[in-house]
Amino acid sequence: MSDTHAVVLGGGMAGMLAAAALVGHADAITIVEGDTFPETPLPRKGLPQGYHSHMFMGGGVQAMDTLLPGTSQLLVAAGANRRELPGGSLTLASVGWHRRAASTAYSLVCSRELMDHVVRQQTLRNAQISVLQQTQVKGLVGDADRITGVRIQRGDAPVETIDADFVVDATGRRSQTPKFLAALGLPAVEEETVDSGLSYSTLLFQAPPGGSEIPVILIQPQAGTGKPGRARRCSRSRTTCGSAR
């Protein structure tokens with residue numbers, strides 16, 4: 001039996017975790033990424049939402065550690081904060097303040113650049129996984145029954161085809177897969193959009209001495225008003241406040 005090759009389109013959080021999930025199911029996994037990864041935890045142009053505050057809920061942390069054992073410990077060692085919920089948070093909702101109580105629920109809070117950097121390092125430690133940076137996806141190869149490869153362009157080089165037994169699209173809202181599939185004779189992909197009425201903004205503040213003990217602060221919107229929802233969350237020693245409205 002010949003070796004199997006999986007290709008993941010997109011090297012962000014979804015792409016890295018998808019590649020990690022494919023280990024054991026494919027002999028080789030190639031991640032195709034149009035951006036260039038920084039060598040240290042820094043923002044990158046391919047992740048414009050990276051400047052906003054981010055968190056992993058406990059279930060997500062457990063799933064991440066299942067795919068990439070030890071990742072949450074590395075994040076905490078690098079400066080991420082683990083906050084118990086609701087005991088480690090102050091939450092104000094339309095019905096008043098939530099009661100603080102001990103529980104097993106928690107969140108892991110840090111910058112998106114740190115989160116991505118550690119997950120990326122953990123993923124690419126596996127020799128089965130390789131990544132093509134500064135590489136654009138130009139199309140899919142195959143027919144309406146089966147995808148057999150991906151057309152790519154590395155920088156200014158000519159377009160080439162890499163064979164694939166399995167393709168995962170992790171490019172998010174920029175995905176060109178519906179167009180690529182239509183070019184192979186498949187019907188248009190049915191899409192359904194739900195508008196949450198939310199937009200997001202983030203401010204960074206320097207916390208005072210001892211600020212690492214500040215709990216997560218959540219101000220939740222009141223539903224059913226017919227007006228755009230507004231919420232606020234503050235966390236981390238170098239305090240990040242994110243406002244959804």
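Count residues from 1 along the sequence.
- Taking the side chain as every heavy atom from C-beta outward, Val61 and Tyr106 approach each other to under 4.5 Å.
- Counting only residues at least two apart or in different chains, salt bridge (charged side-chain N to carboxylate O under 4.0 Å, His left out) contacts with residues 128-147 comprise Arg146-Asp165.
- Residues Trp97 and Leu92 have side chains in contact (heavy-atom distance under 4.5 Å, counting atoms from C-beta outward).
- Here the closest non-hydrogen pair linking Thr123 and Met16 is CG2-O, 3.5 Å.
- Both Leu140 and Ile152 belong to a common hydrophobic cluster when Ile, Leu, Val, Met, Phe, Trp and Tyr are linked at side-chain heavy-atom distances under 4.5 angstrom.
- The shortest distance between side-chain heavy atoms of Val137 and Gln176 does not fall below 4.5 Å.
- Contact of the Val150 side chain with the Thr161 side chain is not registered, since no non-hydrogen atoms from C-beta on lie closer than 4.5 Å.
- Between the CG atom of Asp163 and the NE2 atom of His5 there is a distance of 8.5 Å, given to the nearest 0.5 Å.
- To the nearest 0.5 angstrom, Gln153 atom CD is 9.5 Å from Glu160 atom CD.
- Using a 4.5 Å heavy-atom threshold, the side chains of Leu75 and Arg82 count as separate.
- For Ala78 against Leu114, the heavy-atom pair with the smallest separation is CB-CD1, 3.7 Å.
- Both Phe56 and Val76 belong to a common hydrophobic cluster when Ile, Leu, Val, Met, Phe, Trp and Tyr are linked at side-chain heavy-atom distances under 4.5 angstrom.
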Under 3.5 Å donor-acceptor pairs involving side-chain atoms of residues 126-133, not counting sequence neighbours:
from: Asn126; atom 1: OD1; to: Gln128; atom 2: N; distance (Å): 2.8
from: Gln128; atom 1: NE2; to: Ala26; atom 2: O; distance (Å): 3.1
from: Gln128; atom 1: NE2; to: Asp27; atom 2: O; distance (Å): 3.2
from: Gln133; atom 1: OE1; to: Phe37; atom 2: N; distance (Å): 2.7

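- Within the 4.5 Å cutoff, side-chain heavy atoms of Pro38 are placed close to those of Arg120.
- Taken to the nearest 0.5 Å, the CD atom of Gln136 stands 10.5 Å off from the CG atom of Asp156.
- Side chain of Ser175 to backbone of Thr171: no donor-acceptor contact under 3.5 angstrom is found.
- Follow the hydrophobic side-chain contacts under 4.5 Å out from Val118 and you reach Met64 in the same cluster.
- Atom SG of residue Cys110 and atom NE2 of residue His117 lie 11.5 Å apart, to the nearest 0.5 angstrom.
- Minimum heavy-atom separation, Ala101 to Glu84: O-OE2, 3.5 Å.
- Leu9 and Val119 are members of different hydrophobic clusters when ILVMFWY side chains are connected at heavy-atom separations under 4.5 Å.
- Two different hydrophobic clusters hold Val141 and Phe166 under the rule that ILVMFWY side chains link at heavy-atom gaps under 4.5 Å.
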With a 3.5 Å cut-off and sequence neighbours excluded, list the donor-acceptor pairs that the side chains of residues 183-192 form with protein atoms.
none

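- Here the straight-line distance linking atom CG of Leu22 with atom CD1 of Ile29 works out to 5.0 Å at 0.5 Å rounding.
- The environment of Arg174 atom CZ is sparse: at most 12 non-hydrogen atoms of other residues, nucleotides or ligands sit within 6.0 angstrom.
- Atom OG1 of residue Thr71 and atom CE of residue Met115 lie 11.5 Å apart, to the nearest 0.5 angstrom.
- The minimum heavy-atom distance linking Ile31 with Gly10 is given by the pair CG2-O, 3.6 Å.
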Q. Given the rule in the side chain to side chain contact (heavy atoms under 4.5 Å, CB included) test, do Met57 and Leu85 qualify, once you have shown the distances and angles that lead to the verdict?
A. CA-CA 9 Å; Met57 299 303 291; Leu85 297 174; 3.4 Å; yes

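- Looking at heavy atoms from C-beta onward, Leu68 lies in side-chain contact with Leu17 at the 4.5 angstrom threshold.
- Considering every non-hydrogen atom in both Asp65 and Ser72, the closest pair reads OD2-OG, 2.6 Å.
- Contact detail for Met55 and Ser107: the closest heavy-atom pair is SD-CB, 3.8 Å.
- Between Glu33 and Arg44, some side-chain heavy-atom pair lies under the 4.5 Å cut-off.
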